[in-house]
Amino acid sequence: RADKCLCPMFVLSGNRHCFSLGPFHSSEDKNEIQALLEDVSANIIERETLALVEKGYWVYMPPYESLLEANQALLSLQALGLKDIGVIYNGEWKNAISLGYFLRQENALRRQKDLEDRNFAPRIRVQRQSETRYWLDYEQSPGAALVSIDMQDRPNDFMRRSLPCPEQNPFE
């Protein structure tokens with residue numbers, strides 16, 4: 001793809017130079033950049049880490065003492081014009097009322113404030129999920145052009161940073 005170019009900036013000389021690139025959010029993206037890095041490095045190490053990623057915001061009324069109380073509260077909420085809400089009938093959240101799942105925090109906070117203004121006490125629970133992140137650590141080959149990466153379409157957490165090069169075996 002044209003948006004993933006490694007463009008020469010200048011040539012490194014002298015001491016060893018090592019870098020870390022990432023995180024990549026997919027192995028395909030990592031593999032594409034790794035193929036381009038092979039032109040400037042013979043030593044590329046792949047790493048994986050886990051990131052806890054916010055997936056959404058659940059707005060809810062905490063569990064009521066009984067199903068009767070939960071249903072009464074549900075009717076009061078529906079009388080305010082709320083739709084797509086419901087009582088949870090089993091499990092850890094039995095007798096709680098789900099008031100919506102929002103991808104954006106601002107929308108969840110808006111729902112919460114609207115109900116607080118109407119004398120309800122909803123809560124927000126952040127839904128998180130572990131996702132794999134991929135990294136490429138590499139040593140720039142002596143005399144190879146230092147590369148720059150087009151950052152325009154990269155996630156906000158993507159970076160390239162210098163890192164200490166691993167110790168070399170003097171007998172190699």
Inset, instruction - List the steps and the verdict of ring-ring contact (aromatic ring centres under 6.0 Å, His included) for Trp135 and Phe24. - result: CA-CA 6 Å; Trp135 300 81; Phe24 296 95; 8.2 Å; no
Legend entry - Value rounded to 0.5 Å, distance of CG in Asn71 from CD in Gln78: 9.0 Å
Legend entry - Heavy atoms of other groups near Glu106 CD, more than 12 under 6.0 Å: yes
Legend entry - Leu37 side chain reached by Leu21 side chain, heavy atoms, under 4.5 Å: yes
Inset, instruction - Count the heavy atoms of every other residue, nucleotide or ligand shown that sit under 6.0 Å from CG of Asp84, and state whether that count exceeds 12. - result: no
Legend entry - Leu99-Leu67 co-clustered via ILVMFWY side chain contacts under 4.5 Å: yes
Legend entry - Joint cluster assignment, Val87 & Leu115, ILVMFWY side-chain distance < 4.5 Å: yes
Legend entry - Neighbour count >12 (heavy atoms, 6.0 Å) for atom CG, Asn90: no
Legend entry - Polar side-chain atom of Ser41 near backbone of Glu139 as donor-acceptor pair, under 3.5 Å: yes
Inset, instruction - Would you name the heavy atoms of Ser130 and Leu52 that are closest together and state the gap between them? - result: OG-CD1, 3.8 Å
Inset, instruction - Would you name the heavy atoms of Asn95 and Glu65 that are closest together and state the gap between them? - result: ND2-O, 4.1 Å
Legend entry - Shortest non-hydrogen contact from Gln140 toward Val40: NE2-CB, 3.6 Å
Legend entry - Closest non-hydrogen atom pair between Ile88 and Ser98, with its separation: CD1-CB, 4.5 Å
Inset, instruction - Please examine the side chains of Glu38 and Tyr138, heavy atoms only from C-beta on, and report whether any two atoms are closer than 4.5 Å. - result: no
Inset, instruction - Decide yes or no for Leu109 and Lys113: does some side-chain heavy atom of the first lie under 4.5 Å from some side-chain heavy atom of the second? - result: no
Inset, instruction - Determine whether Gln129 and Val53 make a side-chain contact, defined as any pair of heavy atoms from C-beta on separated by less than 4.5 Å. - result: no
Inset, instruction - Find the distance between CZ (Arg123) and CH2 (Trp58) and round it off to the nearest 0.5 Å. - result: 11.0 Å
Legend entry - Lys/Arg-Asp/Glu bridge criterion (N-O < 4.0 Å) met for Lys30, Glu46: yes
Inset, instruction - Indicate yes or no: does Arg111 engage Glu116 in a salt bridge with an N to O separation below 4.0 Å. - result: no
Legend entry - Derivation of the ring-ring contact (aromatic ring centres under 6.0 Å, His included) call for Phe102 and Tyr57: CA-CA 5 Å; Phe102 302 87; Tyr57 304 86; 8.8 Å; no
Legend entry - Euclidean distance, Lys94 NZ relative to Ser66 OG, rounded to 0.5 Å: 10.0 Å
Inset, instruction - Identify whether the distance between the nearest side-chain nitrogen and carboxylate oxygen of Arg110 and Asp114 falls below 4.0 Å. - result: no
Legend entry - Spatial distance of atom CD (Glu28) from atom CD1 (Ile33) [nearest 0.5 Å]: 13.0 Å
Inset, instruction - Taking all non-hydrogen atoms of both residues into account, name the closest pair between Lys55 and Leu103 and its distance. - result: O-CD2, 3.5 Å
Legend entry - Thr49 side chain reached by Pro23 side chain, heavy atoms, under 4.5 Å: no
Legend entry - In one Ile/Leu/Val/Met/Phe/Trp/Tyr side-chain cluster, 4.5 Å: Ile97, Tyr60: no
Legend entry - Reported CZ-to-CZ distance for the pair Arg133 and Arg47, which is rounded to 0.5 angstrom: 13.5 Å
Legend entry - 4.5 Å side-chain heavy-atom contact, Thr132 and Leu50: yes
Inset, instruction - Side-chain contact test, heavy atoms from C-beta onward, threshold under 4.5 Å: evaluate it for Asp137 versus Ile44 and give yes or no. - result: no
Legend entry - Reported OG-to-CG distance for the pair Ser26 and Asn31, which is rounded to 0.5 angstrom: 8.0 Å
Inset, instruction - Tell me whether Phe120 is reachable from Trp93 by hopping between hydrophobic residues (I, L, V, M, F, W, Y) whose side-chain heavy atoms are closer than 4.5 Å. - result: no
Legend entry - Within one Ile-Leu-Val-Met-Phe-Trp-Tyr cluster: Ile124 and Leu82, side-chain cutoff 4.5 Å: yes
Legend entry - Nearest heavy atoms of Tyr64 and Glu69, plus distance in Å: CB-CB, 3.9 Å
